[in-house]
Amino acid sequence: MTRTQARELPATSYVRGAVFGLGAVSIWAGNIVVASLGLRSSLTPWDITAIRFAVAGLVLLPFLLRWGLAWDRLGWLGVAALVVGGAPTVALANAGLLFAPASHAGALFPGVMPLMVAVLSTVILKETFTAQKKFGFVFIAAGIGGIVWGNGGTIGTAQTVGHLLFLAAALAFACYTVVMRWARLDGLHAAAISAVGSMVLYLPPYAIWSGDDLFSATWDAIALQGLVQGLLTAVVSYVVYGRAVSILGASSGAAFAASCPVMTALMAIPVLGEWPSGIEWAAIALISAGVYAVGGGPLPRARKVITTP
């Protein structure tokens, strides 16, 4: 593979990529809050995952039938990485919510994911990073640590299990991101492979294992998860996220996911009653600055003054 040199984006390209990136993150933040709300009902993490891919798989099946699996660009390993970015990622994240709060999920899943993408991009895509991006990653890492610390995350408690599950979900979706960029797949095509593959592999064992337990939940709870998880998150957000990665690159596009803790924390205030602490507000500022820097946001430049004798 050829080395991808760091380059400065035109302001218009950055704005376009940022709009797509923030659009995806807004949906992800709402998804975490809604998933946490669903777990407070009779739904389990496995139920929510099944609802998500039953809806998304059926919606995206016509697109997959039209475009195929892109074997020539992906191969078995690439297809597997895209499918891992579907059901396994969601199941890991939802299971983590049983042990740790939604704010931790926002920090350790989409928040840490850009850092994992940066590492994988360096190894697989041979991306190089400017000093601006490196400082941005430091800000993001510091902010993520502040959010976990501010929420009382400690080693050796039940929360640690949730943290490990969130980090595993972040790694799985980082693989999805890098493979999508490497194969230069359209966001909708990658989402179709992920969703339909997850539906085929996940739903049959789920149906055998769970029986009719899913239908013990209220229909409005199932419909809410179907709308947010199945349509908005697994279809719309994957498409707009793919556009952000296509415009900005793997590491820069993924950087916007780090702003998910900010939106998750804000959405959790009215929905879940979880208020950010002073440390978290400081962390939110660090993350926002880091996302802007890594995403390739233009910085003010000193103007040269030319004097004539």
Contact between [X] and [Y] at the side-chain level, heavy atoms closer than 4.5 Å - yes or no?
| X | Y | result |
| --- | --- | --- |
| Val84 | Cys175 | no |
| Tyr241 | Val25 | no |
| Thr12 | Arg16 | no |
| Leu185 | Leu74 | yes |
| Val79 | Trp71 | yes |
| Leu167 | Leu92 | no |
| Leu58 | Met199 | yes |
| Thr89 | Phe109 | yes |

Testing the basics here: between [X] and [Y], what is the closest heavy-atom pair and its distance to 0.1 Å?
| X | Y | value |
| --- | --- | --- |
| Thr233 | Tyr238 | O-CD1, 3.1 Å |
| Ser198 | Ala87 | OG-N, 2.9 Å |
| Gly86 | Phe53 | C-CZ, 3.2 Å |
| Pro45 | Ala95 | CB-N, 3.8 Å |
| Ala18 | Leu248 | N-CD1, 4.2 Å |
| Ala191 | Ala234 | CB-O, 4.2 Å |

With Gln229 as reference, evaluate Val55, Asn31, Leu224 under the side chain to side chain contact (heavy atoms under 4.5 Å, CB included) test and give the passing residue. Asn31
Measuring from atom [atom1] of [X] to atom [atom2] of [Y], what distance do you get when rounded to the nearest 0.5 angstrom?
| X | Y | atom1 | atom2 | result |
| --- | --- | --- | --- | --- |
| Thr49 | Leu203 | OG1 | CG | 10.0 Å |
| Met116 | Thr177 | CE | OG1 | 12.0 Å |
| Leu39 | Leu98 | CG | CG | 5.5 Å |
| Trp28 | Leu22 | CH2 | CG | 11.0 Å |
| Leu232 | Ser26 | CG | OG | 11.5 Å |
| Arg52 | Asn94 | CZ | CG | 8.0 Å |

Transitively linked via ILVMFWY side-chain contacts under 4.5 Å: [X] with [Y]?
| X | Y | result |
| --- | --- | --- |
| Met180 | Val240 | yes |
| Ile124 | Leu171 | yes |
| Val235 | Phe63 | yes |
| Val83 | Trp76 | yes |
| Val179 | Val119 | no |

With side chain to side chain contact (heavy atoms under 4.5 Å, CB included) as the test, would you mind laying out the steps for Leu60 and Leu188 before giving the verdict? CA-CA 8 Å; Leu60 294 175; Leu188 184 59; 3.6 Å; yes
Mind running side chain to side chain contact (heavy atoms under 4.5 Å, CB included) on Leu97 and Phe166 for me, showing each step along the way? CA-CA 9 Å; Leu97 290 171; Phe166 296 147; 4.2 Å; yes
State yes or no: are the ring centers of Tyr176 and Phe173 separated by less than 6.0 Å?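 Between Tyr176 and Phe173, the centre distance is under 6.0 Å.
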Would you find a donor on one side and an acceptor on the other, under 3.5 Å apart, between the side chain of [X] and the backbone of [Y]?
| X | Y | value |
| --- | --- | --- |
| Arg243 | Gly17 | no |
| His189 | Gly68 | yes |
| Ser194 | Ala190 | no |
| Tyr202 | Trp46 | yes |
| Gln225 | Gly230 | no |

Leu69 vs Leu64, side chain to side chain contact (heavy atoms under 4.5 Å, CB included): CA-CA, chis, key distance, verdict: CA-CA 7 Å; Leu69 291 173; Leu64 183 63; 3.9 Å; yes
Are more than 12 heavy atoms from other residues, nucleotides or ligands located less than 6.0 Å from atom CG of Leu65? yes
